[in-house]
Amino acid sequence: MGFEDQKNDQLQIPKIRFEGLDLSQAGSPRWDSARSHVIAALQTYGCFDAVYGVTAPELKGMLFGRPVLDLFELGLQEKLQNTSDKPFLGYIGNSLPNVFPYQYESLRVVDAHNLESVEKFARLLWPGGNPNFCNAAWTVGKHMRELEQMVEKMILESMGLEKYFVRQVESLEYGLRLTEYGIPSDQENKLAMRSHVDPNMVTVICQHQVGGLEVLSKDGDWITVEPSLDAFTVVTGEAFGVLTNGRLEPCRHRVKITSNESGKRYSALFSSRPKDGVVVHPAEELIDEAHPQQYRPCNYNEYLRYVATTKEEKSMKAFCGVAKEETRA
Ligand SMILES: O=C(O)CCC(=O)C(=O)O
Ligand SMILES: [Fe+2]
């Protein structure tokens, strides 16, 4: 991919304090201060750690105990019940030949902030519906969605787009992806997931104990994101790049597991993506002579189908980007 293995162990992604903040505090001095840190971090690194104090270890403890183990101890036939008619939104795993070249299994709970939706997921996998799993996934889903929405609001406010917040939130679907990694088959590079950008709006990544997440800095250095008990890592995806007409570049990241005594790594990802049929386009307020339109309107599901056609990395720039010559015309 051309991103050489240049590491910079001195660099760390910014940590921003979110304890006690919620949407009702929008406009308060604390909110505004967090917002300016969020936007600076996203413009420089495409990501940050949202520090949640005591809430984060509580949530992590709830999810990464029995509930996550119960899920991955299920047989493949049960896991395969987690389907979706859209690419990448159901079970993904190396148990499916030729699908995924890593020691990796992952399931996605659609609308994890909604208890009924989590219960529907659980009933498919366990005859008794696993109330313990449901409670953990739902509680985590609710918190992650609140964090995701704060970040959405802060970004829109900083770009003068706050009037679109309600419409934006209504246009999104949210999911919780739970993943188990084994020892990377690529023992030379220890790569457990190749370098990529997420196609969605925002992803909240929750690493558990075994680290591995790395993000690429603008200078081309890979920065290790240590799993931290009191924080969640927030990264923005390609869809936000389209909406902001390129003001927010998606965060390039990968997973490299260098030390893993237990042989397993678990992570939880809460992400927001445009709902079926939603067309993402650059906000007209962000297009002017100095900032020509960078993307054509993009039907998000069509983009995912395009991404799913081959194993090579695809990009929204290639799918719906406006070429430089076109913007000058
Ligand atoms: O497991 C992680 O820490 C990150 C995984 C990831 O980037 C992804 O699934 O898109
Ligand atoms: Fe990712």
Side-chain angles (χ1 to χ4, degrees), residues 1 3 13 42 45-50 56 59-60 63-64 68 71-72 82 84 86-94 96 99-110 112 140 144 148 151 174-184 186 190-216 222-229 231-241 248-260 262-273 300 303-304 307-308 311 313-316:
M1 273 302 308
F3 301 105
I13 64 168
L42 291 178
Y45 295 91
C47 63
F48 61 87
D49 262 349
L59 293 176
K60 291 184 190 196
L63 188 64
F64 290 112
V68 158
L71 187 64
F72 290 104
N82 179 218
S84 168
K86 284 154 228 115
F88 313 120
L89 298 185
Y91 170 87
I92 308 175
N94 62 293
L96 301 175
V99 168
F100 218 73
Y102 304 110
Q103 297 302 317
Y104 170 102
E105 275 200 306
S106 172
L107 293 92
R108 182 174 187 266
V109 189
V110 70
V140 169
M144 297 278 163
E148 197 279 342
V151 174
Y174 304 86
L176 180 67
R177 181 166 281 292
L178 300 168
T179 303
E180 180 186 83
Y181 296 79
I183 296 186
D186 171 9
K190 314 267 186 201
L191 209 56
M193 177 174 285
R194 74 175 179 190
S195 140
H196 66 281
V197 293
D198 291 347
N200 51 25
M201 284 287 171
V202 174
T203 312
V204 181
I205 303 174
C206 181
Q207 301 190 80
H208 179 58
Q209 292 174 346
V210 179
L213 180 65
E214 296 184 358
V215 299
L216 190 69
W222 285 103
I223 307 173
T224 303
V225 182
E226 297 292 350
S228 120
L229 199 56
F232 305 111
T233 307
V234 178
V235 308
T236 55
E238 289 183 294
F240 239 128
L248 290 186
E249 289 286 342
C251 174
R252 180 162 286 280
H253 54 285
R254 68 183 182 186
V255 179
K256 220 172 167 184
I257 306 178
T258 48
S259 82
N260 185 1
S262 69
K264 299 278 181 218
R265 173 181 186 266
Y266 295 96
S267 71
L269 268 66
F270 187 84
S271 57
S272 53
R273 59 182 296 276
Y300 186 76
Y303 174 60
L304 282 195
V307 171
K311 285 196 180 153
E313 188 172 359
K314 302 281 179 40
S315 74
M316 262 194 198

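The first residue of the sequence shown is numbered 1, and numbering continues consecutively from there. Predicted model only: the values in this text are computed from it and were never measured. Counting starts at 1 for both ligands and their atoms, in listed order.
- When each of L42, V197, T203 is paired with T236, the side-chain contact (heavy atoms from CB on, under 4.5 Å) condition holds for L42 and for no other.
- For ligand 1, the polar-atom distance check finds an N/O of S267 within less than 3.5 Å of one of the ligand's N/O atoms.
- Distance check: K60 NZ to C206 SG gives 4.5 Å after rounding to the nearest 0.5 Å.
- For the residue pair S106 and T179, a side-chain donor N or O sits within less than 3.5 Å of a side-chain acceptor on the partner.
- Here the closest heavy-atom approach between residue I13 and residue Y45 is recorded as CG2-CD2, 4.5 Å.
- Interatomic distance, CG of N82 versus CD of E105, reported as 11.0 Å (0.5 Å rounding).
- Taking each of R177, E180, R254, M193 in turn, the one with a heavy atom nearest to atom 6 (C) of ligand 1 proves to be M193.
- The closest approach between R265 and ligand 1 falls below 4.0 Å for a heavy atom of the residue.
- Between H208 and F64, the ring-plane angle classifies as parallel under the 30° and 60° cut-offs.
- At under 3.5 Å, a nitrogen or oxygen of Y181, whether backbone or side chain, sits near a nitrogen or oxygen of ligand 1.
- Our summary of the site lists the angle at the Fe ion (ligand 2) between OD1 of D198 and NE2 of H196 as 90°, to the nearest 10 degrees.
- Residue-ligand proximity, D198 to ligand 1, at heavy-atom distances under 4.0 Å covers atoms 10 (O).
- Atom 9 (O) of ligand 1 has L269 CD2, 3.4 Å as its closest protein atom, hydrogens excluded (heavy atom only).
- Of all the atoms in ligand 1, the ones that sit under 4.0 Å from a non-hydrogen atom of H253 are 7 (O).
- In this structure, I205 is part of the shell of residues with a heavy atom less than 4.0 angstrom from ligand 1.
- Here R273 contributes atom CZ and M201 contributes atom CE; the two are 10.5 Å apart, rounded to the nearest 0.5 Å.
- With respect to atom 10 (O) of ligand 1, the closest heavy atom belonging to the protein is H196 NE2, 3.0 Å.
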